[in-house]
Amino acid sequence: MRLSYFYCFLLFSFFLNSCNGQSTENDMSSLAFLSFLGNPTNTTLEDKFQSVQLTTFYRKDGNLQFQDILIEYQLKTAKGESESVEASMGNPNEIVYNPNTNQVAGHFQRQEDLYQTNSLVFSHSDFSKKFKIFLTLKKDGKIISLKELTTTPPNPPAIPTNTIALPTISYETKRTLFTSGGIPTEYQVIYIKFQAGADLSAYTRLDAYIGRPNVISLAADNYNVINYIKVSSYDKFSGYFLFLTPELNSAYKVIVVGSTADAKGNRSIDTVPPPPPPSPCAGSVTAPTTIGNCATHCLVVDLVGNQLEYTAQTSIGTTAEEYLYIDSTSSTVSGGTGPASFAYIEHFSPIGIGAYQTDPRSFDVTAYNNACVVLSSYLVQDGPGGFSDSYLTGKVTVP
């Protein structure tokens, strides 16, 4: 309150003196003093950085060129719990530090050394630009030390000439099932290989890029690849580049890029997806049908309305047989229980000449979800001619 009264008193004195015709110099001195009271500045920054090193690196990803800016620093004393190191980056004519507000303004990127690595990294997509960076030490959110840095753009590396021919490449592809979190997923696996015996010892870079055949391409320098999906580095221990994709039926183009110390080259190859696994119902027949030879051993299958019906049959041509057994079973193609129950007959001597068959078994095709059913039968005969048996099986399409 007293300070407010004092401020008002000085302001009144200034106007009073002006009216009394005192010098302009005295008037301006009074105004300067009032201005000091109303707008305090912070000019107490200390140099708390022991050392600061700024390095820029050139990086190219496809047809995009970047500069990575690494700032490494050391403080004179260990950082306190309420202190943090932060860097702000901006265009040289836009970013400024305002001592009145104790703030950095005009920046477009800001990084804090959250993980206490004594370093900060910026990346920018224009590798040729210069930037200004303010490296600050803050305590309780206020800047207590500041370093002003200016970057120097990195020089892109020289691209070697396109003068070498990479060894011939080939590919293999297959389907493989991987399980993650208890959920099985089928993938297309693609291996890209160099010809057997190829000498790769001189190559400092060997990368393979995969993409859509009409989209992926080499950049104008014949060295970098653009519009690719994935990149794989050469595994010299296994001897191939490896790609995994859940797109089982997709074809791809693969571009392999290699370089030595003074030359570069490339190869490309188009892949074809692996054929799908054969249908579990491949080779199934439609009803009505007979599987086997009924003169010896067969399955007779018929379709009556929605009912698929079948019996196992055999024929005995002598009265000398002492034992006869025949059965019929049904199952799914995966080996599960079939839609119809098990049936069998068994006879002991005397066994007459004639045809023998199991009781018919049937099931409703509209209530069976699989595309086919596996039918099978086992036959055993024993007599003066010795023991003999026969196993018969076949897949029948379920309409």
Side-chain angles (χ1 to χ4, degrees), residues 53-72 117 119 121-129 151-174 176 187-247 250-272:
Q53 182 174 343
L54 187 150
T55 312
T56 56
F57 301 91
Y58 174 86
R59 175 168 55 89
K60 188 166 186 178
D61 184 1
N63 60 342
L64 299 178
Q65 301 178 83
F66 297 86
Q67 63 168 304
D68 296 326
I69 302 167
L70 172 65
I71 305 164
E72 299 172 286
T117 61
S119 63
V121 178
F122 292 100
S123 289
H124 197 273
S125 57
D126 188 344
F127 77 95
S128 63
K129 290 190 67 173
T151 70
T152 300
N155 294 318
I159 298 176
T161 58
N162 195 43
T163 57
I164 55 174
L166 265 66
T168 303
I169 57 175
S170 61
Y171 77 93
E172 296 176 12
T173 183
K174 66 178 183 178
T176 299
Y187 285 84
Q188 180 183 170
V189 184
I190 303 172
Y191 303 94
I192 306 296
K193 301 181 178 181
F194 290 106
Q195 65 188 41
D199 183 8
L200 306 174
S201 59
Y203 290 90
T204 57
R205 173 193 175 190
L206 284 172
D207 294 323
Y209 297 81
I210 191 170
R212 308 293 180 200
N214 296 325
V215 178
I216 187 174
S217 64
L218 279 168
D221 57 14
N222 284 324
Y223 189 66
N224 290 280
V225 180
I226 58 177
N227 300 324
Y228 61 90
I229 298 174
K230 292 180 181 178
V231 60
S232 173
S233 294
Y234 184 68
D235 187 337
K236 63 181 180 180
F237 298 105
S238 59
Y240 52 71
F241 303 95
L242 174 65
F243 295 100
L244 296 176
T245 170
E247 298 179 344
S250 292
Y252 296 97
K253 179 184 285 293
V254 178
I255 299 176
V256 176
V257 176
S259 63
T260 62
D262 56 3
K264 64 181 173 64
N266 61 80
R267 288 271 188 183
S268 66
I269 194 168
D270 293 317
T271 72
V272 175

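The figures that follow rest on heavy atoms only: side chains count, while hydrogens, waters and symmetry mates do not.
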Keeping the roles fixed (side chain from [X], backbone from [Y]), state whether a donor-acceptor pair exists under 3.5 Å.
| X | Y | result |
| --- | --- | --- |
| T173 | V189 | yes |
| S233 | D207 | no |
| Y171 | V272 | yes |
| T204 | S259 | yes |
| K230 | L244 | yes |

Worksheet item: Are more than 12 heavy atoms from other residues, nucleotides or ligands located less than 6.0 Å from atom CG of N214?
Response: no
Worksheet item: Hey, does the Lys NZ or Arg CZ of R205 hover above the aromatic six-ring of Y223, less than 6.0 Å from the centre and inside 45° of the axis?
Response: yes
Of all heavy-atom pairs between [X] and [Y], which one has the smallest distance, and what is that distance?
| X | Y | value |
| --- | --- | --- |
| S268 | K253 | OG-NZ, 4.4 Å |
| P167 | L200 | CG-CD2, 3.9 Å |
| S123 | D68 | OG-OD1, 2.6 Å |
| L166 | V257 | CD2-C, 4.3 Å |
| V231 | F243 | C-CE2, 4.1 Å |
| A208 | V254 | CB-CG1, 4.1 Å |

If you measure from [atom1] on [X] to [atom2] on [Y], what distance do you get to the nearest 0.5 Å?
| X | Y | atom1 | atom2 | value |
| --- | --- | --- | --- | --- |
| S119 | Q53 | OG | CD | 11.5 Å |
| I255 | D270 | CD1 | CG | 9.5 Å |
| I210 | T245 | CD1 | OG1 | 7.0 Å |
| R267 | F194 | CZ | CZ | 9.5 Å |
| S217 | R212 | OG | CZ | 15.0 Å |
| I169 | F241 | CD1 | CZ | 8.0 Å |

Item to complete: Just do the side chain to side chain contact (heavy atoms under 4.5 Å, CB included) check on I192 and V256 with the steps written out, would you?
Response: CA-CA 9 Å; I192 306 296; V256 176; 4.1 Å; yes
Worksheet item: Do Y191 and Y240 have their ring centres less than 6.0 Å from each other?
Response: yes
Worksheet item: Is there a donor-acceptor contact under 3.5 Å linking the side chains of E247 and Y252?
Response: yes
Discussion item. Checking side-chain polar atoms at under 3.5 Å, does Q67 have a donor or acceptor matched by the opposite partner on Y58?
Written reply: no
Fill in: From CA spacing to verdict: side chain to side chain contact (heavy atoms under 4.5 Å, CB included), V121, I71
CA-CA 6 Å; V121 178; I71 305 164; over 6 Å; no
Worksheet entry | Full working for side chain to side chain contact (heavy atoms under 4.5 Å, CB included) between Q65 and R59 | CA-CA 6 Å; Q65 301 178 83; R59 175 168 55 89; over 6 Å; no
Report yes if the side chains of [X] and [Y] come closer than 4.5 Å at any heavy-atom pair, otherwise no.
| X | Y | result |
| --- | --- | --- |
| Y203 | I164 | yes |
| N266 | K264 | no |
| I216 | I226 | no |

Fill in: side chain to side chain contact (heavy atoms under 4.5 Å, CB included) evaluation trace for T151 with L54
CA-CA 7 Å; T151 70; L54 187 150; 4.0 Å; yes
